[in-house]
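Encoded as structure tokens, the structure appears first; notes follow it.
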Amino acid sequence: MAAKPRVLVTRRWPEAVETKMSEVFDLQLNQADKPLGIAEFRDAFQGFDAVLPTVTDKLPAEAFGDGRARVKILANYGVGFSHIDTSAAKERGILVTNTPDVLSECTADIAMTLMLMAARRAGEGERELRAGRWTGWRPTHLIGTKVSGASLGIIGFGRIGQAMAQRAHHGFGMKILVQNRSAIAPEVLARYNATQVGSIEELLPQCDFVSLHCPGGAANRHLINAQRLDLMRPGAYLINTARGEVVDEQALARALWYGTIGGAGLDVFEREPQIPTELMNADNLVMLPHLGSATRETREAMGFRVFENLRDYFEGRAPRDRVA
Ligand code: DGY
């Protein structure tokens, strides 16, 4: 590498990664650690060789600015990249990479956490106890739903969906049904004794729990809508650790309010960090603030994966995680 490429890191990252990156790149950190706006991105696209966005950076076409950009690569810190207009990037010859694999286990852990918390009413119990409302053990107190041996529908059977199946089938003896846009190899399904069904409509009425692991973006916006919520079993639970826009939040709030489903667990929301009041008021809903990949090990691994993608690109090799 000749001159160090100028690299903008849009949010603060784990220290070990920032240190490593600054040895190789001319790094600019966003000390305020607040999401950047469109105008700041338009400037950044002219002033930097690489921009490293996160899920909080919305990058529609207008953020890329007019004409030729200096930026050559958007190395996203995260696996989901529906916040980036990849067609706009492609038109300008800008590469986009992400960070797959390294966060699959931890994201599946959070999906399991939400499933268990929702089914066993753990959020409600904690709120009651902390508010001093617990009056002691009784046989009918906060009765939940048994997870072990129940059926789990997984929508989207990529790395995270499979990590979820691993936990649910091998840890909890759950019966796994899968819906995925392409056919899953029989040997992969066999690992979890899973059955692939042809459609979401076929999957929903057969499941006690449904967990979403598909990509976000326009194509999957409100994939789970009022009609599909109506197809879920009475008493079933919906878990979303994918992207907020995959679920119609108002339709979900109604299903929770009227009790047409048993409950839900959400780690992601359509307009983060805003949460609709209707969800805030739903007692049979567990919510977490987008914690899927939030472990020390994973956030560092994500950063080092971005580092490898950048280094490969600037040393003339194809970055392994190119998505556009
Ligand atoms: C991901 O990697 O997509 C996480 O949701 C954080 O962006």
Side-chain angles (χ1 to χ4, degrees), residues 5-11 13 17 21 25 30 35-38 40-104 107 155-161 180-182 212-221 223 241-246 268 270 272 290 292-293 298 301-324:
R6 287 205 77 209
V7 172
L8 173 66
V9 185
T10 68
R11 304 300 299 263
W13 288 13
V17 189
M21 299 252 292
F25 302 111
N30 172 4
L36 301 182
I38 298 278
E40 289 160 303
F41 274 114
R42 288 171 79 104
D43 289 346
F45 274 64
Q46 296 304 327
F48 292 88
D49 300 300
V51 170
L52 317 187
T54 72
V55 65
T56 60
D57 298 311
K58 305 300 167 217
L59 287 168
E62 59 264 37
F64 288 69
D66 310 316
R68 265 197 93 67
R70 171 171 171 181
V71 162
K72 299 286 179 297
I73 177 167
L74 292 174
N76 187 57
Y77 182 84
V79 67
F81 53 90
S82 56
H83 50 285
I84 300 172
D85 185 333
T86 49
S87 311
K90 207 168 169 188
E91 273 167 28
R92 290 162 179 80
I94 301 171
L95 252 69
V96 182
T97 60
N98 70 345
T99 61
D101 306 318
V102 290
L103 43 69
S104 306
T107 305
I155 297 181
F157 209 53
R159 304 171 193 85
I160 304 175
N180 192 67
R181 61 189 160 177
S182 54
L212 305 176
H213 300 283
C214 54
N220 283 344
R221 184 165 185 270
L223 189 78
T241 54
R243 279 293 179 263
E245 67 261 21
V246 177
V268 287
E270 190 155 17
E272 295 177 9
H290 204 146
S293 61
T298 297
M302 289 162 68
F304 287 121
R305 192 79 175 230
V306 172
F307 174 74
E308 283 169 32
N309 283 318
L310 273 190
R311 199 183 45 191
D312 282 349
Y313 176 78
F314 286 111
E315 290 181 354
R317 293 184 295 276
R320 76 197 266 210
D321 301 320
R322 182 173 177 179
V323 289

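All residue numbers refer to positions in the sequence shown, counting from 1.
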Using modelled atom types and a 3.5 Å cut-off, is there a donor and acceptor pairing between side-chain atoms of Lys72 and backbone atoms of Arg70? yes

Side chain Arg42, main chain Ile38, donor-acceptor under 3.5 Å: no

Atom of Asn98, atom of Gly78 and distance for their closest heavy-atom approach: CB-O, 3.3 Å

Tell me whether Glu270 is salt-bridged to Arg221, with the criterion being a basic N under 4.0 Å from an acidic carboxylate O. yes

Measure the spacing between CG of Leu74 and OG1 of Thr97 and express it to the nearest 0.5 Å. 8.0 Å

Look at the side chain of Gln46 and the backbone N and O of Arg68, then say whether any donor-acceptor pair between them is shorter than 3.5 Å. yes

Between Glu315 and Arg317, does at least one N-O distance fall below 4.0 Å, as a salt bridge requires? yes

Between Asp43 and Gly47 (side chain of the first, backbone of the second, donor and acceptor by atom type, cut-off under 3.5 Å), is there such a pair? no

Got a second to check how far Phe314's CZ is from Ile73's CD1, nearest 0.5 Å? 6.5 Å

Counting N and O atoms only, with roles assigned by atom type, does the side chain of Glu40 sit under 3.5 Å from a partner on the main chain of Gly37, one being a donor and the other an acceptor? yes

How close do Asp101 and Arg159 get, counting heavy atoms only, and between which atoms? OD1-NE, 2.6 Å

Side chains of His83 and Asn76 in contact at under 4.5 Å (non-hydrogen atoms): yes

Which pair of non-hydrogen atoms, one from Arg243 and one from Val268, has the smallest distance, and what is that distance? C-CG2, 3.5 Å

On a heavy-atom basis, which atom in Ala50 and which in Leu310 lie closest, and how many Å separate them? CB-CD2, 3.8 Å

Closest non-hydrogen atom pair between Asp312 and Pro319, with its separation: CB-CA, 4.0 Å

Here the gap from Asn30 atom CG to Leu36 atom CG, rounded to the nearest 0.5 Å, amounts to 5.0 Å

For the backbone of Arg6 and the side chain of Asp49, can you confirm whether one donor and one acceptor N or O come within less than 3.5 Å of each other? yes

Inter-residue atom distance Phe48.CZ - Thr10.OG1, 0.5 Å rounding: 11.0 Å

Compare every heavy atom of Val71 with every heavy atom of Ile94, then report the nearest pair and how far apart it is. CG1-O, 3.5 Å

